[in-house]
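Numbers restart at 1 for each chain; the letters A, B, ... are given by sequence-line order, proteins then strands. It should be emphasised that the depicted structure is a prediction, and the values quoted were computed from it without experimental measurement.
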Amino acid sequence: MPISGFPEVLPAQRFAELAVLDRLRTTFELHGFAPLETPAVESLDQLTRKGEIEKEVYVLRRLHADAGDDGNVELGLHFDLTVPFARFVLENAGRLEFPFRRYQIQKVWRGERPQQGRYREFTQADIDVIARDTLPFHHDVEVARVMAEALSTLDFLPPLRLQVNNRKLIQGFYTGLGAPDVAAVMREIDKLDKVPAEVVHRALIGTAGLTSEQADQCLALAQVSSADTSFVPAVEALGVKHELLAEGLAELAAVIEGCAGITGVTVEADLRIARGLDYYTGTVFETRMQGYESLGSVCSGGRYDSLASDGKVTYPGVGISLGVTRLLMPLFQRGELSTSRSVPSAVLVALPNEDDRAACDAIAQQLRARGIATEVAATPQKFGKQIRYAERRGIPFVWFPGDTHEVKDIRSGDQAVADPAVWTPPTEDLHPQVVFTEDIP
RNA sequence: GUGGGUGUAGCUCAGCUGGUAGAGCGCUGCGUUGUGGUCGCAGAUGUCGCGGGUUCGAGUCCCGUCACUCACCCCA
């Protein structure tokens, strides 16, 4: 049994995961994002630079470390890809062309207690755009759009909703309303997922120091959501006025408009999204998967104006991070996502006799040369056994060598004469196909 | 870190107030002597998580421990 929180991915599942990674990569690169890989290990200084001691970091240590030579450089495994990226940007600022756009798909580690959808080792796929001094707002739109497009290529997943909000908008709203502690209001509003509105209402009065009317207003704002820009008049109707609010509204509207026309993924403004107390300063993202709401967000991010700074120059950025493991493992566990077969082979060449192995290998080579994944039967068992071997693994075709070759589609039972120099399986059988099975009775 | 739940065959689980360990699925073989799936017949597999205690006797009761799992916290 694998160690809890360190998922083990079986072949059929791994095919699905690789398909996801391929599509993400393709989309990211189509939009000009450059690949980057940073080390799994960073100095503890770097990892905790933002004072985020909250995150449980796995530290790295040699089993046989010399007692005397304690080399007091403390190392840890990275817990996300944004912090290492910020370090990378600062170190390479002189060599980079800004705005710098990169994608990064890597494992990260967090020493938390694992549970459904929460792992200690998992894969994240991040895209970020970072600039020197100032980063034009249209990159917020770009990042949202690229991730939404990437997600829409994952057509075998349950429906996804990319929910967008803007910290300026809610901050401006709460400030314009006269809230004494804006951060406290956000913290309480963030609990609306799990706590009934009445409880949040009481907390807004008790903990965040609002009047009952102000609390009503905050809850009213949190209820606003729309997949188009109709949220703008809805917010304005609440009657609160503030410069930041107006700015945030305009930005959020721009993101929603910029994502218009994307199909397969719902992109909507949802004014309850707050993203805790992170480094986000404007646009914020969260993503939920239908039927898997309890997982929380599977893809989050936002605008951070001051994540990276060397004291003189500040590098503002905007990014979004997809939790590939969180997205896929729960689907695997419920048996809703799998692959048409557990091996790459599209063809099994039957082996009549051990003496025929060389001839069978030659047939396999002919097929492989044309891109058809092929294996030769391991032992010259009865053909019934060899067919069953293929069936168990989901291999769709069994090849019978002879004076006239024959190939059998073991799903239909159809068998026909074939020439290894020209025969090709249907395109959909060439590679394992990712399949989403609605639900199992 | 805090608080619940669960550990029995490869998998899903049953096993009552203690009395020598079970089902379904899967697996292997045969029927079907070189073309699978259906069907029939036969067969194999367990340190009952681990350690201790109570008892004539513990899968069952008690204590400890480990693992898994769920919730809180936090988040992908």
The reported gap from CG in Leu157(A) to CG in Leu337(A) (rounded to nearest 0.5 angstrom) is 6.5 Å
When rounded to the nearest 0.5 Å, the distance separating OG1 of Thr424(A) from CG of Leu430(A) is 8.0 Å
How long is the line joining [atom1] of [X] and [atom2] of [N], in whole Å?
{"X": "Phe400(A)", "N": "rG36(B)", "atom1": "CZ", "atom2": "C1'", "result": "9 Å"}
{"X": "Glu286(A)", "N": "rA76(B)", "atom1": "CD", "atom2": "P", "result": "8 Å"}
{"X": "Trp109(A)", "N": "rC75(B)", "atom1": "CH2", "atom2": "C1'", "result": "17 Å"}
{"X": "Leu162(A)", "N": "rA76(B)", "atom1": "CG", "atom2": "P", "result": "14 Å"}
{"X": "Asp190(A)", "N": "rC72(B)", "atom1": "CG", "atom2": "P", "result": "13 Å"}
{"X": "Tyr292(A)", "N": "rC75(B)", "atom1": "OH", "atom2": "P", "result": "24 Å"}
{"X": "Lys385(A)", "N": "rU28(B)", "atom1": "NZ", "atom2": "C1'", "result": "9 Å"}
{"X": "Arg187(A)", "N": "rC73(B)", "atom1": "CZ", "atom2": "C1'", "result": "14 Å"}

Could you work out which one of [options] sits closest to the side chain of [X]?
{"X": "Ile410(A)", "options": "rA76(B), rG36(B), rC73(B)", "result": "rG36(B)"}
{"X": "Ser4(A)", "options": "rC72(B), rA76(B), rU69(B)", "result": "rU69(B)"}
{"X": "Lys408(A)", "options": "rC74(B), rC30(B), rU35(B)", "result": "rU35(B)"}

Quick one: the side chain of [X] and the base of [N], do they pair up donor-acceptor inside 3.5 Å?
{"X": "Arg110(A)", "N": "rC74(B)", "result": "no"}
{"X": "Arg388(A)", "N": "rU35(B)", "result": "no"}
{"X": "Arg118(A)", "N": "rA76(B)", "result": "no"}

Verify the contact: side-chain N or O of [X] to OP1 or OP2 of [N], cut-off strictly under 4.0 Å; return yes or no.
{"X": "Gln115(A)", "N": "rA71(B)", "value": "yes"}
{"X": "Gln116(A)", "N": "rC70(B)", "value": "yes"}
{"X": "Lys382(A)", "N": "rU35(B)", "value": "no"}
{"X": "Lys191(A)", "N": "rC74(B)", "value": "no"}

Using the [atom1] atom in both, what is the distance from [N] to [M], to the nearest Å?
{"N": "rG36(B)", "M": "rG31(B)", "atom1": "P", "result": "13 Å"}
{"N": "rU12(B)", "M": "rU17(B)", "atom1": "P", "result": "26 Å"}
{"N": "rC50(B)", "M": "rC66(B)", "atom1": "P", "result": "16 Å"}
{"N": "rU45(B)", "M": "rA21(B)", "atom1": "P", "result": "14 Å"}
{"N": "rG10(B)", "M": "rC48(B)", "atom1": "P", "result": "12 Å"}
{"N": "rG22(B)", "M": "rC16(B)", "atom1": "C1'", "result": "15 Å"}
{"N": "rG43(B)", "M": "rG4(B)", "atom1": "P", "result": "48 Å"}
{"N": "rG29(B)", "M": "rC68(B)", "atom1": "P", "result": "36 Å"}

Would you indicate what [X] reaches in the nucleic acid, counting non-hydrogen atoms under 4.0 angstrom: base, sugar-phosphate, or nothing?
{"X": "Arg392(A)", "answer": "sugar-phosphate"}
{"X": "Arg288(A)", "answer": "nothing"}
{"X": "Leu351(A)", "answer": "base"}
{"X": "Tyr389(A)", "answer": "nothing"}

Between Tyr119(A) and rA76(B), do the rings stack, that is, sit under 5.5 Å apart with planes less than 30° off each other? no
With both distances kept under 3.5 Å, what pairs with [N], Watson-Crick or G-U wobble?
{"N": "rG43(B)", "result": "rC27(B)"}
{"N": "rG7(B)", "result": "rC66(B)"}
{"N": "rU60(B)", "result": "none"}
{"N": "rU2(B)", "result": "rA71(B)"}

Please work out whether the ring planes of His78(A) and Trp109(A) are parallel, tilted or perpendicular, with thresholds of 30° and 60°.
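Rings of His78(A) and Trp109(A): parallel, under 30°.
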* Relative to the ring of Phe28(A), is the ring of Tyr103(A) parallel (under 30°), tilted (30 to 60°) or perpendicular (over 60°)? -> tilted
Cation over ring face, [X] and [Y], 6.0 Å, 45°:
{"X": "Arg101(A)", "Y": "Phe33(A)", "result": "yes"}
{"X": "Arg87(A)", "Y": "Phe85(A)", "result": "no"}
{"X": "Arg326(A)", "Y": "Tyr292(A)", "result": "no"}

Ranking Glu391(A) and Thr123(A) by the position along RNA chain B of their nearest nucleotide, the one closer to 5' is Glu391(A)
On RNA chain B, more 5' by nearest nucleotide between Gly413(A) and Gln124(A) is Gly413(A)
Inset, instruction - Answer with yes or no after comparing the ring centroid distance for Phe100(A) and Tyr315(A) against a 6.0 Å cut-off, counting only values under it. - result: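 Phe100(A) vs Tyr315(A): aromatic centres not under 6.0 Å.
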